[in-house]
Every structure is written in C-alpha cells, then in structure tokens.
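All heavy atoms count here, side chains included; hydrogens, waters and symmetry mates do not. Chain letters run A, B, ... following the sequence lines, proteins first, then strands; residues in each count from 1.
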2 protein chains.
Amino acid sequence: MRCTDCPIRYRAVCAHCEGEELSNLEEMKFYRTYEAGQPIVWEGDRMDFVGSVVTGVASLTQTLEDGRTQMVGLLLPSDFLGRPGRDQAAYNATAATKVVLCCFRRKPFDQMMRATPHLAHRLLEMTLDELDAAREWMLLLGRKTAREKIASFISIIARRQAALHKRQPGGRMVLELPLTREAMADYLGLTIETVSRQITALKRDGVIELEGKRGVILPDFARLVEESGDDSDGGLPA
Amino acid sequence: MRCTDCPIRYRAVCAHCEGEELSNLEEMKFYRTYEAGQPIVWEGDRMDFVGSVVTGVASLTQTLEDGRTQMVGLLLPSDFLGRPGRDQAAYNATAATKVVLCCFRRKPFDQMMRATPHLAHRLLEMTLDELDAAREWMLLLGRKTAREKIASFISIIARRQAALHKRQPGGRMVLELPLTREAMADYLGLTIETVSRQITALKRDGVIELEGKRGVILPDFARLVEESGDDSDGGLPA
DNA sequence: CGATTCCTTGACCCTCATCAAATCACGTGG
DNA sequence: CCACGTGATTTGATGAGGGTCAAGGAATCG
C-alpha cells in the first residue's frame, strides 16, 4: 500500500511528514497481519520494529506471576506500538481483532527520529494523549463501580467509533464491541462473570440493547454517559 | 538559584541543554514555593506556566462528581508539571509536602520546544517513562489486593529514595512516607481505613516497622517485595 | 488544656470474586 | 440434517475482601 492511500495517513505518527520525509518512511516500512487472538510480541521479546495500527484493535497487557492479568493499553487504528530507543517489549501485545500493522525497522526509525523534529513532535503529542487516556483509565480502575466501568467502556468505544466517522457521539448509536468478555474484564479490572452480569443489568434497565455477542445498540448515548459516573460536561478538548 | 547549582540539573527536562539553550531557559524561569497541602493548580484553571519539581512531592488527582478521588500522578524531584501546548490544567495538582517548583512561562517555553530538538526529545523520554509508570500503576489498581497495594507503594518509595542516593535498594532501609494516609488511599484506590489496617497488618507480620506516622523501617527490602505481588526479577531497565 | 487534625480500631454489610453448571453459537463429520 | 464437540457467554449460589459508619487514640497547636 502506498502511504498516500493509507487510511491513517493524517492521524498516525507520520501525520506531519511530507515529501522526502514521507518517502524515507515509506522505504523502511513493511506490513504485518495478525489474526484475532494472535500474539504480536511478548514481554521481554527482542523487538526490531515499531509501528502503527492501520486497521483492527490490539491490546497491551501486563500479568502478575500468578496469572492475574491487566490490560494497560488498547491500540486502535493510528495508535503507535513500541518505544523508540528500547529494543525489548515491555508488555504483551495481542491482536484483539484482525490487525494490520504498518511496521518500521527500529534502527532507521530511531535514526530518523533524531533527525526529524516533525516526527519526534508528533510522537510526543501522541504519547501525551496516551498518558491522558491512561490517567482517565486509572480513575476508572481505582474508583468506579462495576456498573460504571462497563458503562464507561461502552461509552469510550462509542466515542471512538463516532470519531472514526467524524461525528459527534449522541442520540441512537449502533456499535460493535472489539473485545471478548475476557478482554473487557482485563481492561476493567473485573472478572468475566461480573462483566457479563453488568451487561445484562444495563440491558434489563434499558440503557443498552444487545445484537448477538458483540453488537450493542444505544437507544440514548446520554443515558449511558449518566451511568458511567463521569462528569457529563465532557472534560477537556484533546 | 543558578541552573548550574540545581539539584535536578541532569535529570529534569533541561538535562541535555547546555550553553545558550540553558541560558535561554534560565531567562524564562522563576521559582514558586508551596506549603504541604496547598493547591498548585486546579482542573480547568488557566495555566500560564509549565515547570519541574525541584524539591518535595506533588500529586495529580482526578475526581468524580460525587467526590470520589483518584490520584493519577505523583511528582517527585525532576518530574515535569504541565503539558506544552495546552493552557488549561487537566488535573488538580497539590503539594503533598513543601514543594519548590522551577517554572517556565508557557509561551516562550512552547516556542523553545519547537526550536530545540534536545528539549522535545528529553520531554518525550520523560513522558514515555511516565506512561510506563502509569501502566504499572494500572496493574496495581486493577488487580492487586489491598495488602499488595500497600507493599507495592512502600517499595516504590523505597526504590525512589534509594535512587536519590544513587544506591540499589536492598537489605535494611529507613524511609519517610511523603503522603498522608488519605493521599495513599487516593493513590491506591482504597479507603483510608483499609490503608491503616493493612499497614498495621504488615507491621504485625514483621514486614515493616513504624517510626511515628510517616517513618517506616524495612528490616528486609526483599521481604517487602515478596508481599507486593510483583515479579521479583525487577522488570525492565529504564 | 481544649481543639483540631490525623490515624487506628471495631462492627457490620455490600459488592464483587469464586466455584459450578447451564446455555448458546458454530463448525465438523457422520 | 443432526449429533457432537468446543469455546464463549450467561446464570446461580456462596463467601471474602474491602467499604461504610462510628468511636476512640495520638500528636500538634493555640
């Protein structure tokens, strides 16, 4: 695929690159595809590339020795995987759905980072956004009830899906959960049974409707947000 | 104070700046001091500066409408406060102890960021480290028991204190908790009662000894780490 | 010595985890 | 087409961990 046709051309790490810079990137890039459930890299693995999620959803997880697992990152299209200057993976990365990754060989990418302020700035911007998201997530993990966690998660997915279509979230919405119940549990710091029960409860209360296992219909987005415990006024702009 | 005498000279955002760059920074900087408990900025406030913690400890917190509070950042000496390019505070920042802040006016700092790759690179590096720390924290919030949370927190403080003195943590250690029980509860996603009970329990079990309210003695650092639920093998290097 | 603030301890209960089983969705081969 | 197996999800019964409410210490400051 040529960069000019890329669906994440103006949102990924390459967003501000043009002309020669873009062709430099184009030269060091290659694509990889992973099926849903496949591991991408494992904690401690040597990682000779970094890259962007082009399509699909991937997760970053950490585990304790006894197997307790916490998701610590959810990578959607345009999100960046890997840390420049570090050649060992710090987390397990897994494809949650089918994933297409636009990879850059690490060496030349690191070099280009040093030489290209554009690139470093864009990555800084993205990393700061990710840090904000992580902090929102910490509030969820530390202080929200199971019901609020589920409502928050669905509303996050709804927002991102709306953003993909360049819309404001609101009113009636139809969406597809990109995660299994187990992955949702790992995201939210819950068990899969609690996830299932709270989804059932939200359905019983008319906040959501279900369409198969992954499909969710929101009769009223605002109603869901009320259930999420968040301030209704939306917080800061990005 | 002159930058050359600064205790965080080679760890803060200015670490890689020399010569003219350093004197540029020196010109736009000024110091502020806050007493323990004082607010530094409030979420939504206009923020006309960014800066580094020189001495002391500050916290970033988020709250839900009903008052539930979660700490989302713990700023130690050399840590950076504020986001370049954003003029509204996204979090509440509070001095946990007496804090000295080295502030830079935002406008000239943003400008210098654009012009000085050094600075942007350093900030990227620091932000990536902070993201790693946030992800470790998410694992704690989502999956650890109250006892493990307390043990983890004390071990984090022990590690950082050791790092300040350029030592490896280990063996017998004496330390000072920089947070009240309430702030610890907000850090860990617990109530202050549970914090208190678990500290008592760790003391009863000989994992820690107490010296007043804030003083903690570790007879054996490794023993504490065992209680924290973390892999003993220390994880990745920074 | 009160007054205030921070911390500890106790009693009780609720949310969510655990263990177990039933149900559902789907693909496979007879 | 249907029995069967497999993995994901739901549902149920039970209990423990940690929250809530309330009271009692301890340290600090006037």
Side-chain angles (χ1 to χ4, degrees), chain A residues 35-38 64 66-70 94 96-97 140-154 176-205 208-216 227 229, chain B residues 35-38 59 64 66-70 94 96-98 140-154 176-205 208-216 227 229:
Chain A
E35 295 303 316
Q38 277 189 341
L64 264 17
D66 62 4
R68 280 174 286 173
T69 299
Q70 175 65 51
T94 310
T97 63
L140 176 150
L141 289 172
R143 295 305 190 190
K144 288 189 178 176
T145 65
R147 183 184 176 95
E148 289 169 337
K149 286 179 174 181
I150 297 289
S152 298
F153 174 72
I154 298 177
E176 184 93 2
L177 300 178
L179 302 183
T180 64
R181 297 291 185 264
E182 183 174 17
M184 286 179 60
D186 289 344
Y187 184 108
L188 299 169
L190 297 171
T191 59
I192 107 179
E193 293 94 330
T194 299
V195 169
S196 180
R197 275 187 254 270
Q198 295 299 333
I199 288 183
T200 304
L202 286 174
K203 172 182 163 194
R204 169 174 47 70
D205 298 342
I208 62 175
E209 294 161 26
L210 300 182
E211 191 96 322
K213 291 181 177 179
R214 299 294 190 93
V216 174
E227 295 286 350
Chain B
E35 294 305 315
Q38 278 189 342
S59 67
L64 265 16
D66 60 6
R68 280 174 287 172
T69 299
Q70 176 64 51
T94 310
T97 65
K98 180 171 178 173
L140 176 151
L141 289 172
R143 294 305 190 190
K144 287 189 179 176
T145 64
R147 183 184 177 94
E148 289 169 337
K149 286 179 174 181
I150 297 290
S152 299
F153 174 72
I154 299 177
E176 184 95 0
L177 301 177
L179 301 183
T180 64
R181 298 290 186 262
E182 184 173 17
M184 287 179 59
D186 289 343
Y187 184 109
L188 299 170
L190 296 171
T191 60
I192 116 178
E193 293 95 329
T194 299
V195 169
S196 182
R197 275 188 256 269
Q198 295 299 334
I199 288 183
T200 304
L202 286 174
K203 172 183 164 193
R204 169 173 46 70
D205 298 342
I208 62 175
E209 294 161 25
L210 301 181
E211 191 97 320
K213 290 178 176 179
R214 299 292 191 95
V216 174
E227 295 286 350

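R181(A) has its CZ atom 18 Å from the C1' atom of dA17(C), to the nearest Å. One atom, CG of L188(A), and another, P of dT15(C), lie 18 Å apart when rounded to the nearest Å. Regarding E35(B), its CD atom lies at a distance of 17 Å from the C1' atom of dT5(C), rounded to whole Å. Here dG18(D) presents its P atom at 10 Å from CD1 of I150(B), a figure rounded to the nearest Å. Separating the CD1 atom of I192(A) from the C1' atom of dA8(D) is a distance of 7 Å, rounded to the nearest angstrom. Distance K203(B) NZ to dC7(C) C1': 12 Å, rounded to the nearest Å. The distance between atom CE of M184(B) and atom P of dG18(D), rounded to the nearest whole Å, is 14 Å. The interatomic distance linking R197(A) (CZ) with dA21(C) (C1') rounds to 12 Å, in whole Å.
Counting non-hydrogen atoms under 4.0 angstrom, T180(B) reaches the backbone sugars and phosphates but no base. Contacts of I199(B) with the nucleic acid, taken as non-hydrogen atoms under 4.0 Å apart, are absent. Within 4.0 Å (heavy atoms only), G189(B) reaches sugar-phosphate atoms of the nucleic acid but no base atom.
Residue T191(B) places at least one side-chain N or O closer than 4.0 Å to OP1 or OP2 of dG19(D). Checking the phosphate oxygens (OP1, OP2) of dG19(D), a side-chain nitrogen or oxygen of T194(B) falls inside 4.0 Å. Dashed line: the shortest gap from a side-chain N or O of T145(A) to OP1 or OP2 of dT15(C) is not under 4.0 Å.
Atom CD of E182(A) has 12 or fewer neighbouring heavy atoms from other residues, nucleotides or ligands inside a 6.0 Å radius. Surrounding CD of Q38(B) are more than 12 heavy atoms belonging to other residues, nucleotides or ligands, all under 6.0 Å away.
Applying the 3.5 Å distance criterion, the base of dC19(C) shares a donor-acceptor pair with the side chain of E193(A). Checked by distance alone, R68(A) brings no side-chain donor or acceptor within 3.5 Å of a matching partner on the base of dT18(C).
Salt-bridge formation is not detected for the pair K213(B)/E176(B): no Lys NZ or Arg NE/NH1/NH2 atom is positioned less than 4.0 Å from an Asp or Glu carboxylate oxygen. Of the charged side-chain nitrogens involved, none lies within less than 4.0 Å of a carboxylate oxygen, so that K149(B) and E227(B) do not count as a salt-bridged pair.
With dT8(C), dG19(D), dC16(C) as the candidates, the nucleotide lying closest to the side chain of Q198(A) is dC16(C). Between dA25(C), dA17(C), dA27(D), one nucleotide has an atom nearer to the side chain of K213(B) than all others, and that is dA27(D).
Looking at D66(B), D186(B), T69(B) one by one, the single match for side-chain hydrogen bond (donor to acceptor under 3.5 Å, both in side chains) with R143(A) turns out to be D186(B).
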